Amino acid sequence: MTLALSIQGPSYTIVLADQRLTEAGIPVTEHSNKLLAVHTRDGRFGVAYAGLAYSQDRTFVTRDWILKSAVRAAAGDPTYLGIPSGLAREAATTFGSHPAIMPMSSRQQRLTILIAGVTNERPPISRLALISNFQDFETRIDSPEAWKEFRIMRWKVADPTSQTSICVQRIGAWQALRERRAIRIEAALKNQKPAKTVAEMAAGLLREASSEREGQTIGMQVSGIIIPHDETREIELWFNTSIPTDEAFVPDFINAAQPGRPVYGRFTKLAKVREKEAASPAWIPRVRRKERCPCGSGKRYGACHGQRGRK
């Protein structure tokens, strides 16, 4: 099972997840995206999931379902409250009726979704929502079987500039990231370490956990979303690996900040290229011509920045 976590400090939120998918405890891929970046009209958030990745016949894929469900939720209510509420409603309906999910065992149907970020208030307010059909975050007890319903839990911190706003929340295989490791992340937040420093440290701790018995379903490659609480600064999609690679798999995205239907899309992968003038490799998106353009115009890539001569 995936280990995902949100790291909320006074000036930024980080959402991280490993990229390994397993079936019956055996890894099937090391390159799976389990994150979604969402820009609502009142804030910016990262979404992660742990648990069921796909049905046995592969007709239900959790990543695809979360993206589509979050788009529908944002179309109905493009605010922070709309995203977790919409996802919880769709989860209850889908898991109670989908023909590919119903034949699966109750244990196989377990799923947790995390939504963490900040709303654009003065001062900004850190937000956290958890949707699960097997993890009780108050008692820290995981049910071996899926509950018959999805439960939604929300927290908020009224003053994220205070040291008391620090929060490290784990979902999925949370026990693999032992308490002492969570405390190290909290200490880095209290010492006001930069977001990237904290993200890199947390990625290293995830890799430590993956080498232990409890962490065998956790991968060595980690993707992340870094959200500055200063709304004038951009969200950063982030990738960290200890394995040499020329490709990276980064989070999907939804932009529901503007009036009209939300703009959404995904990068199938990023490829490393070297420009003649560049001193070091850079990551650039590899986008199919019929996919939405990453610039956010809503047009297909081939009709926008995919046209010859445009950059």
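Note that the numbering runs from 1 along the sequence shown for the chain. Please read all numbers here as calculations on a predicted model, not as lab measurements.
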Is Glu179 salt-bridged to Arg140, cutoff N-O under 4.0 Å?
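Yes.
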Less than 4.0 Å between a side-chain N and a carboxylate O, is that true for Arg207 and Asp18?
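No salt bridge links Asp18 with Arg207.
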Please tell me whether Val168 and Leu16 are part of a single hydrophobic cluster in this structure, the criterion being side-chain heavy atoms less than 4.5 Å apart.
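Looking at the clustering, Leu16 is in the same group as Val168.
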Which residues pass the ring-ring contact (aromatic ring centres under 6.0 Å, His included) test with Tyr80, sequence neighbours left out?
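By the ring-ring contact (aromatic ring centres under 6.0 Å, His included) rule, Tyr80 matches Phe45.
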Any residue meeting ring-ring contact (aromatic ring centres under 6.0 Å, His included) with Tyr49, in chain and number order, not counting sequence neighbours:
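For Tyr49 there are no ring-ring contact (aromatic ring centres under 6.0 Å, His included) partners, ignoring immediate neighbours.
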Does the side chain of Ser223 come within less than 4.5 Å of Lys34's, by heavy atoms?
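Contact flag for Lys34/Ser223 side chains = no.
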Minimum-distance pair of heavy atoms, taken over all atoms of [X] and [Y]:
{"X": "Arg170", "Y": "Ala182", "answer": "CZ-CB, 4.1 Å"}
{"X": "Leu128", "Y": "Ser6", "answer": "CD1-OG, 3.8 Å"}
{"X": "Glu90", "Y": "Ser69", "answer": "OE1-OG, 3.0 Å"}
{"X": "Ala48", "Y": "Ile171", "answer": "O-CD1, 4.1 Å"}
{"X": "Ala17", "Y": "Ala4", "answer": "CB-CB, 3.9 Å"}
{"X": "Glu231", "Y": "Arg44", "answer": "CA-NH2, 3.6 Å"}

Do the side-chain N and O atoms of Gln135 and Thr112 include a donor-acceptor pair separated by under 3.5 angstrom?
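Yes, Thr112 and Gln135 have a side-chain donor paired with an acceptor closer than 3.5 Å.
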For Arg154, side-chain hydrogen bond (donor to acceptor under 3.5 Å, both in side chains) partners two or more places apart:
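Checked Arg154 against side-chain hydrogen bond (donor to acceptor under 3.5 Å, both in side chains); matches are Ser85.
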Apply the test side-chain contact (heavy atoms from CB on, under 4.5 Å) to residues His229 and Ser126: give CA-CA distance (whole Å), side-chain angles for both, the deciding distance (0.1 Å), then the verdict.
CA-CA 8 Å; His229 290 181; Ser126 296; 3.4 Å; yes
Phe239/Gln221 under side-chain contact (heavy atoms from CB on, under 4.5 Å): CA gap, chis, key distance, verdict:
CA-CA 8 Å; Phe239 175 74; Gln221 299 192 86; 3.2 Å; yes
For the residue pair Trp65 and Phe60, categorise the inter-ring angle as parallel (less than 30°), tilted (30 to 60°) or perpendicular (more than 60°).
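It falls in the tilted class, 30° to 60°.
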Does a sphere of radius 6.0 Å around CZ in Arg233 hold more than 12 heavy atoms from other residues, nucleotides or ligands, not counting ones at 6.0 Å or beyond?
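Result for CZ/Arg233: open.
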For atom OH of Tyr264, is the number of surrounding heavy atoms from other residues, nucleotides or ligands below 6.0 Å larger than 12?
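Counting other residues, nucleotides and ligands, OH of Tyr264 stays at 12 neighbours or fewer.
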How far apart are the C-alpha atoms of Glu208 and Arg178, what are their side-chain angles, what is the distance that settles it, and do they pass the salt bridge (charged side-chain N to carboxylate O under 4.0 Å, His left out) test?
CA-CA 10 Å; Glu208 280 184 21; Arg178 301 180 187 278; over 6 Å; no
